Amino acid sequence: MTRPIAIVGPTGTGKSALALAVAERIGGEIVNADAMQLYRGMDIGTAKLAVAERHGIPHHQLDVLEVTETASVARYQQAAAADIEAIAGRGAVPILVGGSMMYVQALLDEWTFPATDPEVRARYEQRLAEIGVGALHGELAAVDADAAASILPSDGRRIVRALEVVELTGQPFAASFPAIGAPRWGTAIIGLDWETTLLDERLTQRTDTMFRDGLVDEVRRLADRGLRDGVTAARALGYAQVIADLDEGGDGTAAREPTFFGTRRYVRRQRSWFRRDQRISWLDGSADDTVSQTLRIWRDVS
């Protein structure tokens, strides 16, 4: 099959723009690997490209879930793999793009997922309800520091899952991940990043643009559709902060600063995760020739 391209890296580095330019050059179709862009209506806060901005390039795994549904790495893995193989079957180049670390690696390394135990899961969910997400994250850190470092302190669902796996297997959460080997389909993996000071400036502009373009109104609309009830969607960066401000009686604008700082912390986690993958060829996002560099790496991958 046609070798896919994966464009990964931290939030705000320009992955979507690079993927679009590459797709236009070589006849590609894009497969989203951003967990929050799976949700219908979560557009401004995820920097999702509007249909008019996609230049006619087909995009897959966008807008496939309602905000009340729970995103699943296993479901995504199955659906995205089917998309990639269908794209290649049409003679186009599959281009995977996004920064959701587990989604990318589960797909490219064909992860299998440890069994679950409803009683153990329920016990940790009850613990989450009793002590709160921050305290439960601390309990995870006490038994599996690496897992705690890779999971956002606000992500109660993944904290519960990690504790469940640790208890069921007696091993660290990461032990359930397969060793990194040859990427599925011979995928060429491109990493896009910027110097930290420059990226912080881009994140500032990104955050300001989101709030200027109506993130608070978007959250209000989605709240009417059940956003607060969503296990995954309600914890998305920007959305969680706006909900918290609204619930405290604010108008949502005070969420801007915690959204920026939360995004910057998330970038550090993304870098830590992706930088340990030696298969990734890293490009400087500020360079003028990232498209040609991407295509050269793609053609050179054996």
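In this text, all values refer to a predicted model and were calculated from it rather than measured experimentally. Every heavy atom of this structure was used, including side-chain atoms; hydrogens, water molecules and symmetry mates were not.
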Show me the pairs that pass salt bridge (charged side-chain N to carboxylate O under 4.0 Å, His left out) and involve [range], at least two apart or across chains.
{"range": "residues 16-43", "result": "Glu29-Arg90, Arg40-Glu66, Asp43-Lys48"}
{"range": "residues 204-217", "result": "Asp208-Arg256"}
{"range": "residues 240-250", "result": "Arg228-Asp247"}

Running the 4.5 Å side-chain criterion over Ile, Leu, Val, Met, Phe, Trp and Tyr, what cluster does Phe260 land in, apart from itself?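 Its cluster mates, by chain and number, are Trp194, Leu198, Leu199, Leu203, Phe261, Val267.
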
Under the side chain to side chain contact (heavy atoms under 4.5 Å, CB included) rule, what do Val93 and Ile87 come out as? Steps first, then yes or no, please. CA-CA 7 Å; Val93 180; Ile87 292 166; over 6 Å; no

Of all the heavy-atom pairs spanning [X] and [Y], show the shortest one and how long it is.
{"X": "Ala6", "Y": "Leu108", "answer": "CB-CD1, 4.1 Å"}
{"X": "Asn32", "Y": "Gln61", "answer": "ND2-O, 2.8 Å"}
{"X": "Met102", "Y": "Val73", "answer": "O-CG1, 4.0 Å"}
{"X": "Leu96", "Y": "Ala33", "answer": "CD1-CB, 3.7 Å"}
{"X": "His137", "Y": "Ala148", "answer": "NE2-O, 2.9 Å"}
{"X": "Leu192", "Y": "Asp284", "answer": "CD1-C, 4.4 Å"}

Passes side chain to side chain contact (heavy atoms under 4.5 Å, CB included), His59 versus Leu20? Steps please. CA-CA 10 Å; His59 283 60; Leu20 195 64; 3.9 Å; yes

Nearest-0.5 Å distance, [atom1] of residue [X] to [atom2] of residue [Y]:
{"X": "Gln37", "Y": "Ser16", "atom1": "CD", "atom2": "OG", "result": "5.5 Å"}
{"X": "Arg220", "Y": "Leu246", "atom1": "CZ", "atom2": "CG", "result": "5.0 Å"}
{"X": "Gln293", "Y": "Trp282", "atom1": "CD", "atom2": "CH2", "result": "13.5 Å"}
{"X": "Leu237", "Y": "Leu152", "atom1": "CG", "atom2": "CG", "result": "6.0 Å"}
{"X": "Glu125", "Y": "Ile159", "atom1": "CD", "atom2": "CD1", "result": "12.5 Å"}
{"X": "Thr263", "Y": "Gln270", "atom1": "OG1", "atom2": "CD", "result": "9.5 Å"}

Is there a side chain to side chain contact (heavy atoms under 4.5 Å, CB included) between Arg54 and Leu62? Walk through the geometry before answering. CA-CA 12 Å; Arg54 299 175 196 171; Leu62 292 177; 3.7 Å; yes

Among Ile95, Leu107, Thr2, which residue meets the side-chain contact (heavy atoms from CB on, under 4.5 Å) test with Ile84?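 Exactly one option meets the side-chain contact (heavy atoms from CB on, under 4.5 Å) with Ile84, and it is Leu107.
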
Main chain of [Y], side chain of [X]: is a donor-acceptor contact present, judged purely on distance under 3.5 Å?
{"X": "Arg235", "Y": "Val231", "result": "yes"}
{"X": "Thr232", "Y": "Ala71", "result": "yes"}
{"X": "Asp144", "Y": "Phe173", "result": "yes"}
{"X": "Gln77", "Y": "Ala106", "result": "yes"}
{"X": "Glu164", "Y": "Asp117", "result": "yes"}
{"X": "Lys15", "Y": "Pro10", "result": "yes"}
{"X": "Ser272", "Y": "Arg268", "result": "no"}
{"X": "Thr187", "Y": "Ile189", "result": "no"}

Over 12 foreign heavy atoms within 6.0 Å of CD, Glu130: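 Yes, CD of Glu130 has more than 12 neighbouring heavy atoms, counting only those of other groups under 6.0 Å.
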
Do other residues, nucleotides or ligands put more than 12 heavy atoms under 6.0 Å from the CD atom of Glu195? yes

Side chains of [X] and [Y]: does their closest heavy-atom pair fall under 4.5 Å?
{"X": "Val64", "Y": "Arg75", "result": "yes"}
{"X": "Leu283", "Y": "Ile297", "result": "yes"}
{"X": "Glu119", "Y": "Arg123", "result": "no"}

Please report the C-alpha distance between Asp289 and Arg296 in whole Å, then the side-chain angles of each, then the deciding distance to 0.1 Å, and finally whether the salt bridge (Lys or Arg N to Asp or Glu O under 4.0 Å) criterion is met. CA-CA 11 Å; Asp289 59 345; Arg296 184 177 66 250; 5.6 Å; no

Checking Ile190 against Trp298 for the side chain to side chain contact (heavy atoms under 4.5 Å, CB included) test, could you report, in this order, the C-alpha distance in whole Å, the side-chain angles of both residues, the deciding distance, and whether it holds? CA-CA 9 Å; Ile190 310 299; Trp298 173 60; 6.0 Å; no

Are Arg276 and Trp273 in a cation-pi setup, meaning NZ or CZ lies under 6.0 angstrom from the ring centre and within 45 degrees of the ring axis? yes

Residue list, ring-ring contact (aromatic ring centres under 6.0 Å, His included) with Tyr239, at least two apart or on another chain: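 Counting only residues at least two positions away or on another chain, Tyr239 forms no ring-ring contact (aromatic ring centres under 6.0 Å, His included).
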
Which residues share a ring-ring contact (aromatic ring centres under 6.0 Å, His included) with Tyr39, sequence neighbours left out: none

